[in-house]
> 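Structure provided below as structure tokens; questions to follow.
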Amino acid sequence: MESLLFFVSFYSKYYSERKGFRMIEWSEDTIEKFQATLLDWYDHHKRILPWRQDHDPYHIWVSEIMLQQTQVQTVIPYYLNFMKQFPTVQALAEADEGSLMKAWEGLGYYSRARNLQRAAKQIVNDYHGNWPTTVSGLKELSGIGPYTAGAIASIAFNQPVAAIDGNAFRVFSRLLEIDDDVAKPQTRKIFETVVNQIISKDRPGDFNQAIMDLGASYMTATNYDTNQSPVKAFNQSYRDGIEDQFPVKTKKKRPVPHDYFGIVLHSDNNYLFEKRPTTGILANFWMFPLFDQQGLIKDKSDSEGILINRAENEIHDEYQLPVHLHKVNAKPITHTFTHQQWHITLLEGTLSFDSDLSYFPGKWIETANFHTIAFSKVQQKMWATYEKAVKSK
DNA sequence: GACACGTGGTT
DNA sequence: TAACCAAGTGT
């Protein structure tokens with residue numbers, strides 16, 4: 001009874017003043033029926049996934065980090081390989097950074113991998129291999145925020161706590177017609193409070209995972225099939241025919257365009273790579289040097305030939321390297337990140353292998369060694385475009 | 001609290 | 001195609 005009172009009082013406190021809000025109230029009986037219906041469906045239809053074979057916190061943790069902003073189908077092969085290479089938290093703590101990044105190559109959001117290892121070292125060195133089991137304890141670890149802490153605490157340690165991810169936002173906003181903007185950080189509190197009241201106290205981990213499976217099947221963002229959903233009877237927005245209004249989410253900004261020259265300098269099978277800065281996008285990655293074309297433009301009417309000439313001059317002035325460059329690709333390579341869109345025109349030139357590289361922040365890498373190094377997708381695109389152009393000659 | 005941070009897939 | 005989505009976190 002206490003939980004029901006809390007549930008209702010929560011809503012009256014946070015919602016009653018809001019204009020136009022119509023509260024959907026669930027009785028304790030409804031909550032119990034929802035749990036039973038959801039968990040029964042989960043028992044019969046849950047996805048079989050590599051990280052669902054046991055409740056080992058290491059397995060749950062690695063999978064949850066990989067799954068951040070990443071689809072299950074993408075994660076599966078990375079997860080399997082990662083567990084082969086780094087089977088325990090101790091192995092991960094001791095891994096060299098190069099092989100760690102190689103194991104993460106192509107997954108994106110690479111700070112996840114670095115935070116993963118930082119947390120592994122925290123567990124091994126500071127906690128003597130013992131995992132924190134509570135949300136607040138887990139959040140002390142690098143890379144673990146409110147969602148992942150809730151997921152690990154509930155799945156690995158059976159703590160009755162919410163794990164609010166994109167699925168939970170979508171599912172519960174539709175079930176309860178919650179119209180708060182899920183893009184706003186403060187909205188998380190509302191969902192956490194609601195789900196902490198509804199979550200199964202006996203099987204919290206299964207409850208959270210069931211919501212995710214629901215959000216990935218009958219309650220997807222688009223092309224959802226609510227009529228087949230096991231919990232459609234509990235779905236108020238469906239009953240009202242307004243499910244397309246949920247979740248409420250403000251628009252994201254468009255990626256900002258950047259035009260670059262990608263500089264391909266080589267000596268036989270050796271290519272000159274620049275090490276990117278330690279912060280910012282694609283931090284620490286080896287990449288062909290990029291020149292922002294904006295920085296080369298003096299007048300709007302500058303031709304591309306003039307810009308290429310200025311790029312040559314900059315390479316000579318900054319790196320003390322004499323180069324003659326020619327254009328490789330007619331159409332720029334396009335690569336879109338969350339907040340940036342890159343258009344890259346490749347410029348090729350040759351360089352003597354014994355050139356003085358002391359003014360250049362990088363090194364030669366032989367093609368034979370490419371497979372040992374982690375490259376970003378945009379670098380892989382540059383290489384593929386270059387190779388294709390060379391072969392067609 | 002707004003923004004940075006990767007990549008692949010869908011519409 | 002531009003826009004949006006996919007098991008978010010750090011600053």
Side-chain angles (χ1 to χ4, degrees), chain A residues 46-47 49-52 59-79 101 104-116 118-119 138-156 162-171 181-189 191-192 205 207-217 219-224 247 249-258 276-285 287 334-342 374-381:
Chain A
K46 68 178 173 190
R47 290 174 289 180
L49 300 169
W51 46 88
R52 283 184 176 174
H59 297 162
I60 306 302
W61 172 50
V62 172
S63 70
E64 290 299 342
I65 301 297
M66 287 186 171
L67 285 161
Q68 290 169 5
Q69 303 290 283
T70 311
Q71 298 191 132
V72 166
Q73 152 189 330
T74 304
V75 165
I76 289 173
Y78 282 92
Y79 175 84
M101 294 316 292
W104 208 270
E105 180 185 42
L107 252 192
Y109 285 153
Y110 297 97
S111 64
R112 288 186 295 175
R114 300 198 172 94
N115 285 330
L116 201 63
R118 197 171 304 147
L138 288 160
K139 278 168 71 176
E140 296 300 309
L141 298 168
S142 294
I144 296 186
Y147 161 73
T148 306
I152 298 173
S154 63
I155 298 169
I164 307 300
D165 67 339
N167 288 303
F169 277 129
R170 190 169 57 255
V171 168
D181 183 356
V182 302
K184 296 212 176 307
Q186 60 200 29
T187 303
R188 168 179 300 278
K189 292 195 220 81
F191 280 76
E192 279 177 349
F207 181 97
N208 283 332
Q209 292 181 92
I211 295 297
M212 296 182 213
D213 280 16
L214 200 54
S217 57
M219 296 185 72
T220 49
T222 57
N223 293 336
Y224 40 86
K249 190 189 286 190
T250 49
K251 310 269 188 221
K252 288 173 182 168
K253 294 198 311 187
R254 294 179 45 168
V256 178
H258 291 277
R276 293 184 58 82
T278 53
T279 57
I281 197 162
L282 301 175
N284 297 322
F285 274 81
M287 194 175 293
T334 297
H335 190 82
T336 308
F337 303 94
T338 312
H339 293 286
Q340 296 182 32
Q341 183 165 59
W342 289 5
F375 292 116
S376 65
K377 283 294 166 181
V378 65
Q379 172 58 39
Q380 293 177 29
K381 277 188 196 175

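A, B, ... follow the sequence lines: proteins, then strands. Residue 1 opens every chain.
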> I'd like to know if the side chain of A:Arg276 and the backbone of A:Met287 have a donor-acceptor N/O pair within less than 3.5 Å.
no
> Salt-bridged, A:Asp213 to A:Lys46, with N to O below 4.0 Å?
no
> Checking A:Asn208 side chain against A:Ile155 main chain: does a donor-acceptor pair fall under 3.5 Å?
no
> On DNA chain C, nearest-nucleotide positions of A:Arg118 versus A:Ser63: which is more 5'?
A:Ser63
> Does A:Ala151 reach a base, just sugar-phosphate, or nothing at all? Heavy atoms under 4.0 Å.
nothing
> May I have the distance from A:Trp61 (atom CH2) to C:dA7 (atom P), rounded to whole angstrom?
22 Å
> Provide the distance between the two P atoms, one in C:dA7 and one in B:dT11, to the nearest whole Å.
15 Å
> Is there a side-chain contact between A:Gln380 and A:Glu105, using heavy atoms and a 4.5 Å cut-off?
yes
> So what does A:Leu49 touch, heavy atoms closer than 4.0 Å: a base, only the sugar-phosphate, or nothing?
base
> Go through the side-chain N and O atoms of A:Tyr147 and A:Gln68 and say whether any donor and acceptor fall under 3.5 Å apart.
no
> Within this structure, what is the CH2-to-P distance between A:Trp342 and B:dA4, rounded to whole angstrom?
14 Å
> Can you check the distance between C:dT9 and B:dG1, where both ends of the measurement are the C1' atom (answer in whole Å)?
14 Å
> Looking only at side-chain N and O atoms, does A:Arg254 come under 4.0 Å of OP1 or OP2 in C:dA2?
no
> Quote, to the nearest angstrom, the P distance that separates C:dA6 from B:dC5.
23 Å
> For a quick check of understanding: with a heavy-atom distance under 4.0 Å over all strands, which category does A:Val75 fall into, base, sugar-phosphate or nothing?
nothing
> Please tell me if A:Lys251 has a side-chain N or O lying less than 4.0 Å from either OP1 or OP2 of C:dA3.
no
> For A:Asn115, report the nucleic acid contact type (base, sugar-phosphate, nothing); a contact means any heavy atom under 4.0 Å.
sugar-phosphate
> Under 4.0 angstrom, heavy atoms only, what part of the nucleic acid is A:Pro146 near: base, sugar-phosphate, or nothing?
sugar-phosphate
> Give the B/S/- string for nucleotides 5-11 of chain B, one per nucleotide from 5' to 3', where a protein heavy atom under 4.0 Å of the base yields B, of only the sugar-phosphate yields S, and otherwise -.
BBBS--S
> Given atom CZ of A:Arg114 and atom P of C:dT11, what is their separation to the nearest angstrom?
13 Å
> Rounding to a whole Å, what distance do you find between A:Glu64:CD and C:dG8:P?
9 Å
> Between atom CE in A:Met219 and atom P in C:dC5, what is the gap in whole Å?
15 Å
> On DNA chain C, check which nucleotide each of A:Ser142 and A:Arg52 is closest to and give me the residue with the more 5' one.
A:Arg52
> Select base, sugar-phosphate, or nothing to describe what A:Arg276 touches, counting heavy atoms under 4.0 Å on all strands.
nothing
> Compare every heavy atom of A:Ala149 with every heavy atom of A:Lys139, then report the nearest pair and how far apart it is.
CG-CB, 3.5 Å
> Nearest whole Å is fine: how far is C:dT9 C1' from A:Ile152 CD1?
13 Å
> Answer yes or no: does a side-chain N or O of A:Lys249 lie under 4.0 Å from OP1 or OP2 of C:dC4?
no
> Just how far, in rounded Å, is P of B:dA2 from NZ of A:Lys184?
5 Å
> What about the rings of A:Phe337 and A:His339, do their centers lie closer together than 6.0 Å?
no
> Under a 3.5 Å cutoff, is there a donor and acceptor pairing between the side chains of A:Asn115 and A:Arg112?
no
> With rounding to the closest Å, how many angstrom separate the P atoms on B:dG6 and C:dT1?
24 Å
> Can you measure A:Tyr147 atom OH to C:dA6 atom C1' for me and round it to whole angstrom units?
12 Å
